[in-house]
Amino acid sequence: MPDINPIEERVVRREKLKALLDAGVNPYPSRVTRSHAVREVLAAFGRLAESGTAVTVAGRLRAVRIHGGAAFADLEDDGEKIQLHFKQDILGSAFDLFIATVDHGDFIGCNGKVFVTKRGEKTVEVAGWEMLAKALRPLPAKWHGLTDTEVRYRKRYLDLLANPEVRGIFEKRSAIVRAIRDFLQGEGFIEVETPVLQPIAGGADARPFITHHNALDIDLYLRIAPELYLKRLVVGGFPKVFEMARCFRNEGIDHLHNPEFTQVEFYQAYADYNDLMNLTERLLPKVVESAVGKLTVEYGNQTLDFTAPYPRLTFKQALLEFGQIELDDCPDRSSLAKAAENRGVEVLSSDGPGRIIDNLYKKLIRPKIIRPTFVIDYPTDMKPLAKRTANDPRFTESFQLLAAGGFELLNAFTELNDPLDQRARFEEQERLREAGDEEAQRIDEDFLEALETGLPPTAGFGMGIDRLTALLTGSHSLKEVILFPTLRPEEK
């Protein structure tokens with residue numbers, strides 16, 4: 001039967017729905033009893049065939065092929081497929097109802113014994129079937145597949161149905177999260193949950209989303225990071241805590257940024273950033289191997305090797321090597337701004353030294369690092385929550401792991417636990433905000449009170465799950481690894 005256009009097919013499918021109802025069939029029953037998942041039937045196929053055991057399976061029809069008084073169909077369940085065989089002389093009127101009412105995309109349940117066809121296909125000889133959910137819209141693969149990226153992201157359910165490789169990306173994402181969680185728990189970390197709605201948006205340089213709580217009549221912010229709350233827990237006596245945190249930043253959207261994203265953050269008391277670099281070199285190989293089965297990853301035309309240890313390069317060295325800027329020659333904002341403008345980096349009047357250095361870093365350093373590399377000891381102006389290095393207070397005990405010419409995979413540092421120094425840095429952030437920097441951090445008096453109560457020497461770590469998944473799956477946009485990315489409203 002030739003294909004008809006989607007609108008006409010929807011009309012036909014509604015007519016088939018009516019035929020089911022007229023035949024006294026409930027096309028949307030509440031439940032189904034099944035004896036096996038399809039993958040279980042496939043795994044035990046030889047034993048089931050030999051014993052003649054009947055099975056009851058359920059799933060979505062992905063193909064229907066009619067041959068006179070017989071029909072073959074492919075039943076899909078949780079990514080696995082098995083062939084079904086329908087015969088009129090076995091099913092009688094139930095065969096006629098199947099032919100008259102069933103379409104590609106419908107969910108059905110069926111029972112019968114298994115056998116192998118002459119072509120070697122594992123098959124269920126259907127002795128009975130029932131409609132579980134009549135699909136009123138055709139699947140996109142029936143005509144031309146689903147290749148329009150905008151439609152793929154908006155209607156991810158169709159993307160998963162039409163493009164099997166997409167399912168694999170999200171299975172790997174799940175494996176990545178599981179490996180991180182298993183590793184941290186094995187290291188003695190406890191998983192916690194901290195507020196998503198916060199009275200002050202802190203823990204990162206970012207513009208927050210604002211919402212309003214009616215009962216309290218106060219504005220609240222969707223968290224930009226869980227950092228300040230996790231450190232409160234260390235103050236409270238938990239020496240190792242982590243959170244798989246959904247975070248929100250009111251920023252632009254590009255291939256490496258989505259306003260809603262997931263990161264893992266953890267904090268370890270009595271540790272510094274050197275300890276966390278060593279921990280990272282134990283963690284990442286386990287995560288990479290769990291996702292891709294080896295320690296080398298292909299990304300574009302690059303081969304990345306995550307075998308530890310990773311090279312360590314100071315920020316000062318990196319800026320000199322990749323940007324030909326010696327930080328010692330730029331002791332103030334004016335000299336920094338001049339150096340930035342000479343290298344094509346825009347400088348706004350509201351930009352403080354930290355923002356200027358950060359923009360230099362994004363343009364001159366980050367794109368040049370391909371091999372997984374620790375860039376360490378970032379300037380203090382860039383890290384208002386990190387402890388200064390002992391030998392030079394202009395820099396902090398901090399590091400990021402960079403790879404593939406643009407990926408910041410993680411950010412970590414020895415935490416600033418001096419409440420007076422922290423207050424002074426918050427006050428400087430407030431001055432930058434008053435000058436127009438909307439991403440500058442705010443003074444959080446409750447957090448400062450917690451620091452005054454006493455935070456032991458602590459190191460903290462944050463890693464974006466979306467970016468790591470994109471890198472490990474060879475995806476060139478975060479939209480490929482976020483099931484439902486943020487998109488511009490569709491024009492009707």
Is the shortest side-chain heavy-atom distance between N26 and L21 below 4.5 Å?
no

So how far is it from E15 CD to T101 OG1, rounded to the nearest 0.5 Å?
13.0 Å

Backbone N or O of K134 within a donor-acceptor pair of the Y28 side chain at under 3.5 Å?
yes

Donor-acceptor pair, distance only, cut-off 3.5 Å: does the side chain of T123 make one with the backbone of E121?
yes

Within the 4.5 Å heavy-atom criterion, are D466 and R173 side-chain neighbours or not?
yes

Hey, is the main chain of E408 close enough, under 3.5 Å, to the side chain of R366 for a donor-acceptor pair?
no

Rounded to the nearest 0.5 angstrom, the CG-OG distance for L256 and S477 is 8.0 Å

Listed once per pair and sorted, the salt bridge (Lys or Arg N to Asp or Glu O under 4.0 Å) pairs that draw on residues 184-202, sequence neighbours left out:
R181-E191, E187-R282

Quick check, are the ring centers of F86 and F95 under 6.0 angstrom apart?
no

Going by heavy atoms in the side chains, are I253 and P259 under 4.5 Å from each other?
yes

Taking only Lys NZ, Arg NE, NH1 and NH2, and the carboxylate oxygens of Asp or Glu, determine whether D77 and R62 approach each other closer than 4.0 Å.
no

In terms of the angle between their ring planes, are H476 and Y299 parallel, tilted or perpendicular, with boundaries placed at 30° and 60°?
tilted

Looking at L401, T373, L402, which hits side-chain contact (heavy atoms from CB on, under 4.5 Å) with Y310?
L401

Enumerate the salt bridge (Lys or Arg N to Asp or Glu O under 4.0 Å) contacts for residues 201-221, please, sequence neighbours excluded, ordered by first and then second residue.
R207-E438

Do other residues, nucleotides or ligands put more than 12 heavy atoms under 6.0 Å from the CD atom of E165?
yes

Can you measure from CD (E40) to CG (L48) and round to the nearest 0.5 angstrom?
10.0 Å

Answer with yes or no whether the side chains of Q198 and Y229 bring together a donor and an acceptor at under 3.5 Å.
no

Atom of A58, atom of V38 and distance for their closest heavy-atom approach:
O-CG2, 4.5 Å

Please check if the number of heavy atoms outside K113 that lie under 6.0 Å from its NZ is greater than 12.
no

Just checking, is any N or O donor in the side chain of R246 or T262 under 3.5 Å from an acceptor N or O on the other one?
yes

For residues T194 and R223, is any side-chain donor paired with an opposing acceptor at under 3.5 Å?
yes

Can the ring centres of F461 and F413 be said to be less than 6.0 Å apart?
no

Looking at R167 and D78, would you say the former's side chain and the latter's main chain have a donor-acceptor pair under 3.5 Å?
yes

Going through the checks in order, is the side chain to side chain contact (heavy atoms under 4.5 Å, CB included) test met by M244 and I180?
CA-CA 10 Å; M244 292 292 182; I180 294 169; 3.6 Å; yes

Are D22 and K18 close enough, and set up right, to give a salt bridge (charged side-chain N to carboxylate O under 4.0 Å, His left out), and what steps lead you there?
CA-CA 6 Å; D22 290 345; K18 183 177 183 301; 2.9 Å; yes

Measuring only between side-chain heavy atoms, which start at C-beta, is V116 closer than 4.5 Å to F45?
yes

Report the distance from atom NE2 of H85 to atom OG1 of T117, rounding to the nearest 0.5 Å.
9.5 Å

Among R60, R65, K81, K122, which residue satisfies the salt bridge (charged side-chain N to carboxylate O under 4.0 Å, His left out) criterion with D74?
R65

Between the side chains of R119 and Q83, does any donor sit under 3.5 Å from an acceptor?
no

Between K16 and V102 the two heavy atoms that sit nearest each other are NZ-O, 3.9 Å

Do any N or O atoms from the side chain of R371 and from the backbone of D305 form a donor-acceptor pair under 3.5 angstrom?
no

Please assess D444 against R232 for the test salt bridge (charged side-chain N to carboxylate O under 4.0 Å, His left out), listing each intermediate value before the final yes or no.
CA-CA 12 Å; D444 188 331; R232 285 173 170 93; 3.3 Å; yes

Less than 4.5 Å apart, side chain to side chain, heavy atoms only: is that true for L295 and E289?
yes

Taking H67 for the side chain and A70 for the main chain, is one N or O donor matched with an acceptor at less than 3.5 Å?
no

Flag the pair F189 / F183 as yes when their ring centroid distance falls below 6.0 Å, and as no otherwise.
no

Compare all side-chain heavy atoms of E445 with those of I200 and state whether any distance is below 4.5 angstrom.
no

Sidechain-backbone polar pair: R156 side chain, L483 backbone, donor-acceptor under 3.5 Å:
yes

Would you find more than 12 non-hydrogen atoms of other residues, nucleotides or ligands less than 6.0 Å from F238 atom CZ?
no

Interatomic distance, NE2@H257 vs CG@L478, rounded to 0.5 Å, equals 8.5 Å

List the steps, then state whether side chain to side chain contact (heavy atoms under 4.5 Å, CB included) holds for L472 with F306.
CA-CA 11 Å; L472 298 188; F306 281 90; 4.3 Å; yes

Under the salt bridge (charged side-chain N to carboxylate O under 4.0 Å, His left out) criterion, do D437 and R355 qualify, and how do the steps go?
CA-CA 9 Å; D437 187 346; R355 187 72 61 212; 2.9 Å; yes

With a 4.5 Å limit on heavy-atom distance, are the side chains of L136 and R10 in contact?
no

side-chain hydrogen bond (donor to acceptor under 3.5 Å, both in side chains), that's the test. Do E346 and N359 meet it? Break it down for me.
CA-CA 8 Å; E346 183 182 13; N359 289 336; over 6 Å; no

Using side chain to side chain contact (heavy atoms under 4.5 Å, CB included), reason through F374 and T280 one step at a time and then give a plain yes or no.
CA-CA 10 Å; F374 287 128; T280 300; 3.9 Å; yes

Which value, rounded to the nearest 0.5 Å, describes the distance between D103 atom CG and R137 atom CZ?
14.5 Å

Backbone of A94 reached by a side-chain donor or acceptor of W129 within 3.5 Å
yes

Can T486 and E260 be counted as having a side-chain donor-acceptor contact under 3.5 angstrom?
no

Evaluate whether atom CD1 of I7 has more than 12 neighbouring non-hydrogen atoms of other residues, nucleotides or ligands under 6.0 angstrom away.
no

Worked check of side chain to side chain contact (heavy atoms under 4.5 Å, CB included) between V126 and N111:
CA-CA 6 Å; V126 177; N111 62 82; over 6 Å; no

Is the shortest heavy-atom distance from the side chain of I66 to the side chain of I99 under 4.5 Å?
yes

The residue among E265, E243, E415 that forms salt bridge (charged side-chain N to carboxylate O under 4.0 Å, His left out) with K231 is E415

How far apart are the C-alpha atoms of D148 and R152, what are their side-chain angles, what is the distance that settles it, and do they pass the salt bridge (charged side-chain N to carboxylate O under 4.0 Å, His left out) test?
CA-CA 6 Å; D148 186 307; R152 288 181 51 235; over 6 Å; no

